[in-house]
Number of protein chains: 2
Amino acid sequence: MQNIDELIEEAQKQGYKITPQRREIFKILVNNDSHPKAEDIYNILKDRMPDVSLATVYNTLNMLKELGMIDAIALFEDDSVRYDPTTKAHDHLYCLHCNRIVDVEKDQDDLGFTEKEISGFQIVKRQVTYYGYCPECRDILKTT
Amino acid sequence: MQNIDELIEEAQKQGYKITPQRREIFKILVNNDSHPKAEDIYNILKDRMPDVSLATVYNTLNMLKELGMIDAIALFEDDSVRYDPTTKAHDHLYCLHCNRIVDVEKDQDDLGFTEKEISGFQIVKRQVTYYGYCPECRDILKTT
DNA sequence: AATCTAATTTATAATAATTATAAATAAAGA
DNA sequence: TCTTTATTTATAATTATTATAAATTAGATT
Ligand SMILES: [Mn+2]
Ligand SMILES: [Mn+2]
Ligand SMILES: [Zn+2]
Ligand SMILES: [Zn+2]
C-alpha cells in the first residue's frame with residue numbers, strides 16, 4: 001500500500017465503490033508503519049469524519065484484506081488484530097509492555113518465499129513474531 | 001509436561017492445591033501433542049467429571065501458564081487460544097482447513113535461544129507459525 | 001441532470017472467547 | 001476434627017468482531 005490512486009483503481013476494478021469513508025481510511029493506512037488496530041484507525045478517522053462508524057472501518061479492512069492490500073497480525077497476549085499495509089513478507093518485534101510492533105529488517109533470509117513444503121504441508125504464509133521489550137520500555141522497567 | 005508427579009510436586013511447592021479437577025486436567029495434557037483449546041479439554045473432562053465447569057479449565061490453564069508448564073499459541077484466522085504442553089522452543093504448522101496444529105521438528109536452528117537482541121529489543125520469546133494445508137486437506141481440496 | 005439499483009453506511013444487536021464475581025465447597029495443615 | 005484459605009461453580013461481565021436491516025449513496029444508465 002504505497003499509492004492511493006493505484007489502490008483506488010484496483011478496488012474499482014474489483015467492483016468496489018469508492019466512498020469518502022474508504023478514501024479516508026486508505027489515506028490513514030498508506031505509508032503507515034504503526035500496525036494499527038481497527039479502533040486506532042477509527043479514532044483517527046473520527047476527527048476527520050465525526051459520523052463515521054466503527055463497522056465501516058472493519059468493513060474496509062476486510063475489503064483490503066481480500067484485495068491483499070493489507071495483512072492481519074495475530075498476537076499472543078493482545079486480543080485485537082493489528083493491520084499491516086506492508087504485505088511484503090517480513091517479521092515482527094512486539095513489545096510486551098507498550099504493545100508497539102516494529103518491522104524486522106531482514107538481512108538475507110528466504111524473503112521472496114511464496115509456497116513451500118514442510119512435513120507435507122503446503123505453506124501459504126509464515127508468521128514470525130519476536131516478543132520482548134523495546135529499548136524505551138526496557139529502560140523504564142530497569143529503573144522500576 | 002511429561003511427568004504428572006513432578007508437575008504436582010512443583011505446583012504444590014508454589015502453593016497451589018491439588019484438586020481432582022486439576023489432577024484430571026493434568027492427565028489430559030501430559031503427552032498431548034494435539035494443541036487443544038480450552039473447550040477441547042473441557043469436553044474430554046466432562047466425560048470423566050460431569051459437573052466440572054469451564055471456568056476451572058481456564059483457571060487451571062492459567063495456573064499452568066504461570067508455572068511455565070504450558071505455552072499459549074495465538075493464531076491468525078482462529079480466535080481461540082491453543083495450548084501446548086511442549087514448552088521447548090519449536091515452530092508450528094497450522095492447517096487453514098482443519099485447524100490442526102503440528103510441531104515442526106527443527107533440524108539445527110538456534111533452538112536453545114532464551115534471550116537475544118534484535119533492533120534493540122530484548123527478546124524473551126519467538127513464535128513461528130506456518131499457515132497452509134496439511135496433506136489430508138490438500139488432497140480433499142484438490143478433488144473439490 | 002434526473003433516475004435507478006446495488007453496494008455501502010450506520011446504528012444496533014448478536015456472537016464468542018475469556019475473565020470477573022461471589023457464594024458454596026474442599027484441600028491441606030494444625 | 002477443626003480452621004483457614006484456595007478452589008470450584010454458576011453466572012454475569014467484558015471485549016473484539018461480525019451480522020442485520022433500514023437509510024443512504026456511488027456510479028451506471030437514461
Ligand atoms: Mn509490519
Ligand atoms: Mn507445539
Ligand atoms: Zn515498549
Ligand atoms: Zn488439514
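All chains are named by letter (A, B, ...) in the order of the sequence lines, taking the proteins before the strands, and each is independently numbered beginning at 1.
Atoms CD1 (Ile18(A)) and P (dG27(D)) sit 6 Å apart, rounded to a whole Å. dG27(D) atom C1' lies 14 Å from atom CD1 of Ile8(A), rounded to whole Å. Taking atom CD of Glu24(A) as the reference point, atom P of dT25(D) lies 17 Å away to the nearest angstrom. Distance, Glu39(A) CD to dT15(D) P: 10 Å, rounded to whole Å. Regarding Tyr83(A), its OH atom lies at a distance of 12 Å from the P atom of dA16(D), rounded to whole Å. Atom pair Arg23(A):CZ and dA26(D):C1' shows a separation of 11 Å (rounding to whole Å applied). In this structure, the NZ atom of Lys17(A) is 8 Å from the C1' atom of dA28(D), given to the nearest Å. Rounded to whole Å, atom C1' of dA16(D) lies 14 Å from atom CG of Leu75(A).
On the nucleic acid side, DNA chain C contacts chain A at distances under 4.0 Å to non-hydrogen atoms, with the end points of that region at dA6(C) to dA11(C).
Note on Asn59(A): a base of the nucleic acid sits closer than 4.0 angstrom, heavy atoms only. The residue Ser80(A) sits close only to the backbone: its heavy atoms come under 4.0 Å of sugar-phosphate atoms, none of a base. Across all strands shown, Thr19(A) has heavy atoms under 4.0 Å from sugar-phosphate atoms exclusively, and none from any base.
Hydrophobic clustering places Tyr16(A) together with Ile28(A) (ILVMFWY residues linked when any side-chain heavy atoms are closer than 4.5 Å, directly or through intermediates).
Without hydrogens or angle criteria, Arg126(B) side chain to Val128(A) main chain gives no donor-acceptor distance under 3.5 Å.
Considering Leu29(A), Ile70(A), Asn32(A), Asp71(A) as possible partners of Asp84(A), the one that fulfils the side-chain contact (heavy atoms from CB on, under 4.5 Å) test is Asp71(A). Put simply, the residue from Gln12(A), Glu10(A), Glu6(A) that forms a side-chain contact (heavy atoms from CB on, under 4.5 Å) with Ile8(A) is Gln12(A).
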Run the side-chain hydrogen bond (donor to acceptor under 3.5 Å, both in side chains) test on Asp40(B) and His35(B) for me, step by step, so that the C-alpha distance in whole Å, both residues' side-chain angles and the decisive distance to 0.1 Å come before the verdict. CA-CA 9 Å; Asp40(B) 296 331; His35(B) 306 86; over 6 Å; no
Would Phe76(B) and Tyr131(B) count as a ring-ring contact (aromatic ring centres under 6.0 Å, His included) if you check the C-alpha gap in whole Å, the side-chain angles of each, and the deciding distance to 0.1 Å? CA-CA 9 Å; Phe76(B) 165 72; Tyr131(B) 295 86; 5.8 Å; yes
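Inspection of the Tyr94(B) and Gln127(A) side chains reveals no N or O donor paired with an N or O acceptor under 3.5 Å.
Projected onto DNA chain C by closest heavy-atom contact, Thr56(A) and Asn62(B) fall at different nucleotides, the more 5' of which corresponds to Thr56(A). Between Pro20(A) and Asp79(B), the residue anchored closer to the 5' end of DNA chain C is Pro20(A), taking for each the nucleotide with the nearest heavy atom.
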